[in-house]
Amino acid sequence: QVQLVESGGGLVQAGDSLRLPCTASGRTFSSYGMGWFRRAPGKEREFVSAINWSGGDTYYAASVKGRCTISRDNAKNTVSLQMNSLKPEDTAVYYCAARSAAGLGLNLYGYSYWGQGTQVTVSS
C-alpha cells in the first residue's frame, strides 16, 4: 500500500516555474514506477511524465518535453516534477501516481495508487 501527497501547486504567471514534490509512504517506494498526470478543466486526465524505479529512465509527453523534468529520491520517498516556462494551457490539477512495476508507465490505467492532486493555475 502506498499513500501519495502532492504539494507545490499555486497561481503563477506565464513563463514562471514551479516544482511539484510528491511524498510517498511505505517502505518499498524504490520498487515502484512513478508518474505525473494532469486534468485540465473539461478534459480527461492525461499523461505528463514517468520515471522508472531507479530514476535512470524517464519519459515526457510531447506537450511538456523540454520544459519539465521528473526526478526521484528513493532515500526520501519523493518524486518531483520541475516545470519551467509555464503556459496557460498547463493549467490543471496535477496528480502523482505509483505503479506496482519498476519500469515506465505511460497509461493511467497501469497505476494503482494516486494522490489527491495539486492545482496549478497559469495566468497569461
OG on Ser7 to OH on Tyr94, rounded to 0.5 Å
15.0 Å
Would Arg72 count as a cation-pi partner of Trp53, with NZ or CZ less than 6.0 Å from the six-membered ring centre and within 45° of the ring normal?
no
Would you call Trp114 and Leu108 a side-chain contact if the rule is heavy atoms closer than 4.5 Å?
yes
Using only heavy-atom distances, determine whether the side chains of Thr91 and Glu89 contain a donor-acceptor pair under 3.5 Å.
no
Ser80 OG to Ile70 CD1 distance, which is reported to the nearest 0.5 Å:
9.0 Å
State yes or no: do Tyr59 and Tyr111 share one hydrophobic cluster built from I, L, V, M, F, W and Y residues joined by side-chain heavy-atom distances below 4.5 Å, directly or via other members?
yes
Value rounded to 0.5 Å, distance of SG in Cys68 from CD in Gln82
8.5 Å
What's the shortest heavy-atom distance between Cys96 and Val79, and which atoms?
SG-CG1, 3.7 Å
In terms of side-chain heavy atoms, does Thr78 have a donor or acceptor partner in Asp73 at a distance below 3.5 Å?
no
Which residues pass the salt bridge (Lys or Arg N to Asp or Glu O under 4.0 Å) test with Arg38, sequence neighbours left out?
Glu46, Asp90
Any heavy-atom pair between the side chains of Glu6 and Pro21 that's under 4.5 Å?
no
So do the side chains of Tyr60 and Val48 get within less than 4.5 Å of each other, counting heavy atoms only?
no
What one should report as the nearest heavy-atom pair of Ser112 and Ser100 is OG-OG, 4.1 Å
CG of Asn77 to CD of Gln3, rounded to nearest 0.5 Å, is 12.0 Å
With rounding to the nearest 0.5 angstrom, report the CD1 to CG distance, Ile51 to Asp57.
9.0 Å
Identify the two heavy atoms, one from Ser85 and one from Ser17, that lie closest to each other, and give their separation to 0.1 Å.
N-OG, 4.3 Å
Do Leu104 and Tyr109 land in one hydrophobic cluster if side-chain heavy atoms of ILVMFWY residues count as linked below 4.5 Å?
yes
Distance-minimising heavy-atom pair for Ser31 and Thr28:
OG-O, 2.6 Å
Would you name the heavy atoms of Ser49 and Leu81 that are closest together and state the gap between them?
CB-CD1, 4.2 Å
Will you find, in the side chains of Arg99 and Tyr32, an N or O donor that is under 3.5 Å from an N or O acceptor?
no
In this structure, OG1 of Thr118 is separated from CG of Leu20 (nearest 0.5 Å) by 6.0 Å
Checking Val122, Val64, Asp16, Val120 against Met83 for side chain to side chain contact (heavy atoms under 4.5 Å, CB included), the one that qualifies is Val120
Backbone N or O of Ala102 within a donor-acceptor pair of the Asn52 side chain at under 3.5 Å?
no
Evaluate ring-ring contact (aromatic ring centres under 6.0 Å, His included) for Phe47 paired with Phe37, printing each intermediate quantity in order.
CA-CA 5 Å; Phe47 169 80; Phe37 293 78; 5.7 Å; yes
Atom of Leu4, atom of Ala24 and distance for their closest heavy-atom approach
CD2-CB, 3.5 Å
Determine whether a donor-acceptor pair (N or O, by modelled atom type, separation under 3.5 Å) exists between the side chain of Thr58 and the backbone of Thr69.
no
Taking the side chain as every heavy atom from C-beta outward, state whether Tyr95 and Gln116 have any atom pair closer than 4.5 Å.
no
